[in-house]
Protein chains: 2
Amino acid sequence: MGRPRGFDETEVIAAAAALFANRAYDGVSVDDLVTHLGVHRNSLYKTFGSKRGLYLAALRWHVKHQVQPLISEVGAARDIDEAVRGTLAAHNDDVGALDLLLMAATERAPVDEEVRTEVSAALHALDRAVSTVLTGTTSDNGDQPAPALAEALTSALIGLRLRARATASPTESDLAGAALARHLGPA
Amino acid sequence: MGRPRGFDETEVIAAAAALFANRAYDGVSVDDLVTHLGVHRNSLYKTFGSKRGLYLAALRWHVKHQVQPLISEVGAARDIDEAVRGTLAAHNDDVGALDLLLMAATERAPVDEEVRTEVSAALHALDRAVSTVLTGTTSDNGDQPAPALAEALTSALIGLRLRARATASPTESDLAGAALARHLGPA
DNA sequence: ACCGTTAAGGAACGATTGTTCTTGACTAAT
DNA sequence: ATTAGTCAAGAACAATCGTTCCTTAACGGT
């Protein structure tokens with residue numbers, strides 16, 4: 001019973017994720033959220049408890065609906081080259097497929113334990129996907145499946161996206177990613 | 001003439017850089033700066049004009065005095081393995097040798113053009129150093145000196161540091177860096 | 001038709017934001 | 001000793017911060 005909601009909670013969370021992906025947590029005010037989300041202050045606090053509550057919801061939504069598809073795509077790739085190209089290409093389709101995670105990792109994770117937990121989990125999930133591709137390709141020698149190398153590649157993917165965002169030149173990261181894949185693929 | 005300063009401008013800038021490296025720009029208040037820097041509000045504004053002015057000064061100091069040494073070390077390395085290990089080891093000695101650049105790249109560069117310029121320049125300088133090491137090592141095939149690969153490796157270094165900060169496990173990044181170097185070095 | 005409940009609307013809260021003003025302390029040159 | 005110029009100390013500024021309160025609107029169950 002009671003008055004029905006005038007907004008779609010998922011839509012609001014997604015819009016909040018977009019905002020938090022482009023500006024730091026402290027750079028997004030509640031006024032900004034209220035303005036761009038079309039939800040009134042009161043409803044926002046009733047639904048998410050606080051600004052941080054909305055942020056955490058946005059981060060979890062981001063991981064589940066934007067990072068996970070990317071992880072699946074990476075895991076389904078036949079080799080590293082395909083994985084890297086797919087990852088970077090996905091960014092051209094769905095801008096921000098890693099951006100909130102990136103922002104959370106650099107800015108919030110060091111000061112918010114709950115964020116750190118979420119970020120770590122997402123990164124490890126990415127690691128596993130990369131590792132899957134890696135073990136399928138590492139057929140030249142008898143090294144261990146190299147989880148450390150998977151972490152390195154995940155870091156490289158994050159770093160590439162970071163650069164693309166910071167320098168505002170997405171084509172560069174494509175070339176760099178291709179070069180990285182070329183050197184790691186037939187290793 | 002006039003009353004002499006009661007603070008060392010360089011010390012203040014360095015302390016500000018340390019603050020801005022750990023928390024986002026909007027997460028560091030002028031009160032925080034005044035408290036931790038030992039400089040009074042008035043002197044701060046008289047010297048740097050604004051909070052943003054101090055931030056830019058801190059960023060430039062960081063690039064010149066913390067990123068540059070790292071670039072030099074990378075450029076002097078004999079191979080990629082040595083470069084990567086040196087970079088990550090430098091972080092254990094001088095914590096934050098890349099942190100402000102990292103923070104600036106993800107958080108300020110997208111919204112502050114002057115920051116973006118500074119970040120781009122620093123990253124390209126890192127690229128050149130990596131490229132130098134790369135051309136000295138790439139002796140197996142007749143590929144171009146691979147500036148794209150240099151960008152990829154720079155991105156990987158940044159990404160590794162990002163992960164170490166976000167997950168608060170510095171040893172992991174060492175292993176990952178070593179694995180990356182092992183796979184790229186004897187390529 | 002009357003509740004009980006939930007959401008929207010908007011004003012308002014105290015606290016904190018970045019910045020400026022005012023006053024007084026200190027120093028070098030006149 | 002006076003003057004001119006720079007800095008420190010701290011109060012104060014309007015604006016914005018995250019959050020809450022109060023009233024009104026819209027629904028389901030009795």
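Quantities reported herein were computed from a predicted structural model and do not represent experimental measurements. Quick note on labels: first sequence line is chain A, next is B, and so on, each numbered from 1.
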Quiz item: Of the nucleotides C:dC21, C:dG10, D:dT19, which has the atom closest to the A:Asn42 side chain?
Solution: C:dG10

Quiz item: When you check the phosphate oxygens OP1 and OP2 of C:dA7, does a side-chain N or O of A:Arg5 lie under 4.0 Å from one of them?
Solution: yes

Quiz item: Expressed in angstrom and rounded to an integer, what is the separation of A:His40 atom NE2 from D:dC22 atom P?
Solution: 16 Å

Quiz item: What are the two closest non-hydrogen atoms of A:Leu134 and A:Ala150, and how far apart are they?
Solution: CD2-N, 3.7 Å

Quiz item: Does a nitrogen or oxygen in the side chain of A:Lys46 sit under 4.0 Å from OP1 or OP2 of C:dA7?
Solution: no

Self-check item: Whether A:Tyr25 and A:Phe20 hold their rings parallel, tilted or perpendicular, with breakpoints at 30° and 60°
Solution: parallel

Practice problem: Take the protein atom CE of A:Met1 and the nucleotide atom P of D:dT30, then report the distance between them rounded to whole Å. | Solution: 7 Å

Quiz item: In whole Å, what is the span from the CG atom of A:Leu54 to the C1' atom of D:dT19?
Solution: 14 Å

Quiz item: Between atom OH in A:Tyr45 and atom C1' in D:dC22, what is the gap in whole Å?
Solution: 18 Å

Self-check item: Face-on cation placement of B:Lys51 at B:Tyr45 ring, 6.0 Å and 45° thresholds
Solution: no

Self-check item: Electrostatic pair A:Arg85:A:Asp81 at N-O distance under 4.0 angstrom
Solution: yes

Practice problem: Please list every stem that involves DNA chain D, where a stem is a run of 3 or more consecutive Watson-Crick or G-U wobble pairs with both pairing distances under 3.5 Å. | Solution: C:1-23 with D:8-30, C:27-30 with D:1-4

Practice problem: Using atom OH of A:Tyr25 as one end and atom C1' of D:dC17 as the other, report the distance to the nearest whole Å. | Solution: 11 Å

Practice problem: For B:Val28, answer base if it contacts any base atom (sugar-phosphate contacts may also be present), sugar-phosphate if it contacts only those atoms, and nothing otherwise; contact means non-hydrogen atoms under 4.0 Å. | Solution: sugar-phosphate

Self-check item: Presence of A:Ser29 side-chain N/O under 4.0 Å of D:dC17 phosphate oxygens OP1/OP2
Solution: yes

Practice problem: Provide the full list of salt bridge (Lys or Arg N to Asp or Glu O under 4.0 Å) pairs with a residue in residues 148-157 of chain A, sequence neighbours left out, each pair given once. | Solution: none

Practice problem: Mind calculating the distance between CZ (B:Arg3) and P (D:dT6) to the nearest angstrom? | Solution: 14 Å

Practice problem: Would you kindly give the CG-to-P distance between B:Asp31 and C:dT16, to the nearest whole Å? | Solution: 9 Å

Quiz item: Less than 3.5 Å between a donor and an acceptor, one on the side chain of A:Arg41 and one on the base of D:dT20, is that the case here?
Solution: no

Hey, can you pull the donor-acceptor pairs under 3.5 Å for the side chains in residues 28-36 of chain A, sequence neighbours left out?
from, atom 1, to, atom 2, distance (Å)
A:Ser29, OG, A:Asp31, N, 3.4
A:Ser29, OG, A:Asp32, N, 3.0
A:Ser29, OG, A:Asp32, OD2, 3.2
A:Asp31, OD1, A:Arg41, NH1, 3.0
A:Asp31, OD1, A:Arg41, NH2, 2.4
A:Asp32, OD2, A:Ser29, N, 3.2
A:Thr35, OG1, A:Asp31, O, 2.8
A:His36, ND1, A:Asp32, O, 2.9

Quiz item: Is a salt bridge present between B:Glu114 and B:Arg52, judged by a nitrogen-to-oxygen distance below 4.0 Å?
Solution: yes

Quiz item: For B:Lys51 and C:dT16, what is the distance between atoms NZ and C1' respectively, to the nearest whole Å?
Solution: 12 Å

